[in-house]
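One-based numbering, in listed order, for ligands and for the atoms of each.
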Amino acid sequence: MDIRIFASNPLLNTAAAGLIAHLLQAKPNAVLGLATGGTPVGIYEELIKLYTLQHIQFREAISFNLDEYVGLPETHDQSYHAYMQQHLFKHIDLPQSNIHIPNGNATDLEAECARYDALLDGVKQIDLQILGLGHNGHIGFNEPDEGLVGGTHLVELKEETRLANARYFNNLAEVPTHAITMGIGTILKARTILLVVRGTDKAKIVHDALTGPITTENPASLLQTHPNLVVMLDTEAGELFS
Ligand code: F6R
């Protein structure tokens, strides 16, 4: 495990984007596993800069997003479809046909999960999976539980997750109760995992996840088993590592 702590968020963003840029330069058809939420926004901004400067291109790349809310129209500004367009896709040359995000509005959600897994099977392995971290240890929307699921599946979001994400909506009632998420098995199969965590409010959960017992009650703790995990923390999130 490679844990790096950055003195500022801009430095973290540059380093994280640099890791992704190196991958794309070495392997233009890389498969990228993408996350949403507040954590990766600054990284996507850096990637857009690198693209604009013609240091990288996405023409041959393939992307798979971790998750999507159930029942939120794709046009809703808080859907992860809309988020990805706004923060990354509309600014770069990644072909629409190479973009994959679960369809949270499918009439048959089980079939949609199976369809997503079949697409993931088709690429065999994600080259680099970006992860943020929930306050309860969730990665993707794999919430703490007695057991975890390997493949893509429907989840009921924990109240703490809905509360944390309510800041992006008008009120808690608007936050969807369910989501489709890539499973822990798929995440752990990625060649490289980049876990990014920011803020003092996540210092304890990330420290527990990376140094505490491996338990499904803290899904991110399973990342300890991954052979190629890079962790990027800002000073606040990294305050318990010293
Ligand atoms: C998002 C995702 C979630 C977030 C996590 C942290 O696609 O899968 O696991 O990474 O909830 O969210 P932020 O970054 O908003 O604190």
Side-chain angles (χ1 to χ4, degrees), residues 9 12-13 16 32-45 63-70 72 74 76-89 99-104 113 116 120 126 128-145 148-149 151-169 172 175-188 190 193-206 208-210 216 218-223 229-234 236-238:
N9 272 291
L12 189 163
N13 293 334
L32 303 174
L34 301 177
T36 58
T39 304
V41 170
I43 300 170
Y44 295 152
E45 284 170 4
S63 74
F64 280 89
N65 264 78
L66 282 167
D67 39 25
E68 177 57 287
Y69 290 118
V70 166
L72 209 56
E74 286 179 11
H76 189 290
D77 62 354
Q78 291 309 322
S79 82
Y80 290 163
H81 280 77
Y83 169 107
M84 289 309 303
Q85 283 301 329
Q86 184 198 339
H87 292 291
L88 186 63
F89 296 154
I99 292 171
H100 305 93
I101 306 178
N103 175 8
C113 294
Y116 207 63
L120 283 159
I126 288 171
L128 190 145
Q129 176 65 57
I130 304 170
L131 293 178
L133 178 66
H135 291 92
N136 61 6
H138 74 226
I139 47 177
F141 276 136
N142 293 277
E143 298 278 35
D145 209 337
L148 296 172
V149 182
T152 304
H153 59 286
L154 178 65
V155 282
E156 180 171 5
L157 299 173
K158 297 269 186 192
E159 195 61 9
E160 62 259 28
T161 298
R162 294 185 62 241
L163 279 168
N165 289 1
R167 68 191 192 280
Y168 299 121
F169 292 81
L172 180 61
V175 185
T177 55
H178 291 75
I180 291 179
T181 185
M182 209 185 262
I184 288 281
T186 308
I187 292 172
L188 290 176
I193 295 180
L194 171 60
L195 173 69
V196 181
V197 189
R198 308 180 199 260
T200 191
D201 52 324
K202 292 188 185 167
K204 180 161 176 3
I205 192 71
V206 70
D208 287 353
L210 300 179
T216 59
N218 183 347
S221 68
L222 275 84
L223 296 173
L229 172 66
V230 179
V231 183
M232 294 194 180
L233 309 173
D234 65 5
E236 289 76 17

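Listed by chain and number, the residues in a side chain to side chain donor-acceptor pair (under 3.5 Å) with His76 amount to none (sequence neighbours excluded). For Tyr44, there are no side chain to side chain donor-acceptor pair (under 3.5 Å) partners two or more places apart in sequence or in a different chain. The side chain to side chain donor-acceptor pair (under 3.5 Å) search around Thr216 returns none, not counting sequence neighbours.
Protein residues having a heavy atom under 4.0 Å from any atom of ligand 1 are Ala35, Thr36, Gly37, Gly38, Thr39, Leu66, Asp67, Gly132, Leu133, Gly134, His138, Gly140, Arg167, Tyr168, Lys202, listed by chain and number.
In this structure, the side chains of Leu32 and Ile130 stay at 4.5 Å or more apart for every pair of heavy atoms. By the 4.5 Å heavy-atom criterion applied to side chains, Asp208 and Ser221 are not counted as neighbours.
The only member of Tyr80, Phe64, Tyr116, Phe89 that meets ring pair (Phe, Tyr, Trp, His ring centres under 6.0 Å) when paired with His100 is Phe64.
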